[in-house]
Amino acid sequence: MQAAVWPAEMVTPKHAILSDHARQFDELRFAYPVVSRRSKGLSIGVNVNPDKVCNFHCLYCQVDRRVPPRDRTVDFELMVEEVEFLLGLSQSGQIWQHPRFKGTPLELRRVNDIAFSGDGEPTTYERLGEAIVEVGKLRESQGLTELKLIVITNGSRLGEPEVIRALEGLQAGPYEIWAKLDAGTQAWFEKVDGSGLPLRQIVRNIIAAGQKLDLTIQSLFPTLGGQGPSDEEIGAYIGRLHEMLKAGAKLKLIQVYTTARRPADDSVGVLPDERLDEIVARVRREVPVAVEGFYGRNWE
Ligand code: SF4
């Protein structure tokens, strides 16, 4: 794959760069570059669920399933080739000449990670383990020993031995696993994540994976019809975190955030900064794990 040369006509402003999480980058089908506020740099996303099928139906999901998918299956070799291509562009600095990234501030012009995410649940991709190994080899061959591999998961399959085995491949280098926990009660979980699974099963899954692997808990608290999670809900959520820690799950970080991008569902809103601050402060007080908060952004 050849590095492209881009015309200099349009420079994307900084705020648009940070909100541009489009899954496509020019002609690429499975890999996409994103400048992200969380990674404080460039993240190379790998979409291993191009069919847009997910076993959760989160109200805040940004995947627009009204638009039919371009691909229904992953072309494994092409996916790896695309990641290699983007790594090459980033390493050479050419990526910062692309119209979309030309306005990226200097401090964000660094490659932070390669993230397996997708338009669905990455752990449902049967070749995830192989993909982790292959991408890990690219990291090694390019001497990028500090580059993190990240898997973002809703936790629904984290308890399954073959998924844990696949994720253990991450331990060949720096890695993070971001596991979703958006609720403390079954009722809020069902409302926000649209899953019929018992929340206690998700907690058990996170514990099973967390006993072997370091985890980051990612919690998104939106407003639904103008109402955010109650204090009782946050109390129950903290109870779930305690349950995980007590069972020996290695929780390295808790990320508390709210919606920052336009979801497909109109009833979902942004939690005000003050409420987010309250939740972050309470989790910090009551849970012995580092906590980071991320404010939302109104999209209108
Ligand atoms: S788990 Fe992720 S992809 Fe699936 S519906 Fe929720 S936000 Fe969307």
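What's counted below: heavy atoms across the whole structure, side chains too, no hydrogens, waters or symmetry copies. Computed from a predicted structure; not experimentally measured. Ligands are counted one by one from 1 in listed order, and the atoms in each one are counted from 1 as well.
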*Protein N, O or S atoms at less than 2.8 Å from atom 8 (Fe) of ligand 1, how many?*
1
*asked:* Can you tell whether the side chains of R275 and D231 come within less than 4.0 Å, N to carboxylate O?
replied: yes
_All side chain to side chain contact (heavy atoms under 4.5 Å, CB included) counterparts of L215, not counting sequence neighbours_ = I177, I206, L251
*Answer side chain, backbone, both or neither: which part of K180 comes under 4.0 Å from ligand 1, heavy atoms only.*
side chain
*asked:* Applying salt bridge (charged side-chain N to carboxylate O under 4.0 Å, His left out), can you list everything that pairs with R127, at least two apart in sequence or on another chain?
replied: E130
*Heavy atoms only: give me the nearest P33-I95 pair and the separation to one decimal.*
CB-CD1, 3.9 Å
*Residues in side chain to side chain contact (heavy atoms under 4.5 Å, CB included) contact with E168, at least two apart in sequence or another chain*: I164, R165, Q171, K212, L213
_Residues R157 and E162 bridged, charged N to O under 4.0 Å_ = yes
